[in-house]
Amino acid sequence: LTTVTDLLRWNENFTHAKVGGPEFVRAQQTPAVLANGRTISYAAGLMVATVDGLREVAHSGATGGYRTWLGRYPDKGVSVAVLCNFAQAAPAVLGRRTARLWTGAEPRESRPAYSADPAQLRSLTGLYRRVRDNTAARIEWKDGGLQLSRKSGDTALSPIAPHEFALGATGANLVCENSTPVRCRTTGDDSQLYERVDPATPSTAALAVFAGAYHSQETVGTATIAIRGEALTLKVGGSAEILLEPTFQDAFQTPTGSAIRFFRDTNGQVASFSAGD
């Protein structure tokens with residue numbers, strides 16, 4: 001829980017380093033190096049990039065119907081904090097537009113659209129799981145182009161190079177590998193890796209193997225999986241029962257898009273599940 005004013009005070013600390021000291025704030029803004037030697041744009045909880053020709057240190061946030069973004073342009077002494085209570089808002093776009101009013105920067109011209117083969121584009125359609133947390137997304141062909149569809153909303157995929165797409169107005173790109181299965185990753189942050197999977201349409205009888213009580217040592221609580229009609233439901237403690245929608249094999253999603261994935265023992269029997277978003 002915070003305010004725009006508090007966020008701007010937080011950003012001011014990266015200039016004066018009253019909390020943590022210079023070495024701490026420098027470490028927070030040092031891009032990470034992967035095991036393969038490649039430097040990515042993600043630092044210690046911050047994204048470091050060049051936008052409109054200026055160094056930008058920023059991060060976005062989202063939960064429920066809220067979308068946020070906090071950006072800092074150290075060479076210009078400008079910070080912008082954006083808080084939105086609309087799930088389809090694009091806070092990074094709004095924040096950068098606002099920043100230009102104060103930095104005087106001009107938006108850099110994007111690369112011209114790449115004329116991709118429609119058949120090649122259609123070959124990428126299908127259901128994908130985000131490898132980090134098993135949340136589901138679809139790449140769909142709609143209105144003559146591709147879009148990435150998630151519970152949080154749809155994002156247009158504009159071809160800019162072979163197997164590479166601009167992710168709407170987010171400033172990020174999606175690169176798809178010519179592999180089996182197809183894998184797509186967002187540029188700069190390897191945690192955003194999507195892998196194409198076969199969609200699951202389990203019968204009511206197949207759903208029955210998931211029903212039961214599951215105990216979590218981490219939360220010291222019990223979750224109940226049950227069948228209601230032809231669907232699977234989840235109930236945790238005294239919370240309301242929610243519907244689980246099948247995505248891929250042994251995996252489901254909640255109405256908000258969080259992932260539920262079941263795991264089987266060596267005999268093929270369902271033994272546990274993980275939950276996350």
Test of ring centre spacing under 6.0 Å for Y66 and F86: no
Centroid separation F273 to F262 less than 6.0 Å: yes
Side chain to side chain donor-acceptor pair (under 3.5 Å) partners for N13, two or more places apart: none
Same apolar cluster: V236 and L243, side chain cutoff 4.5 Å: no
Side-chain ion pair, [X] and [Y], N-O less than 4.0 Å:
X: R96; Y: E56; value: yes
X: R130; Y: E195; value: no
X: R122; Y: E140; value: no
X: R228; Y: E241; value: yes

State whether the number of non-hydrogen atoms from other residues, nucleotides or ligands found under 6.0 Å of [X] atom [atom1] is greater than 12.
X: D198; atom1: CG; answer: no
X: D143; atom1: CG; answer: no
X: E177; atom1: CD; answer: yes

Residue pairs passing the salt bridge (charged side-chain N to carboxylate O under 4.0 Å, His left out) test where at least one lies in residues 255-264, sequence neighbours excluded: D250-R264
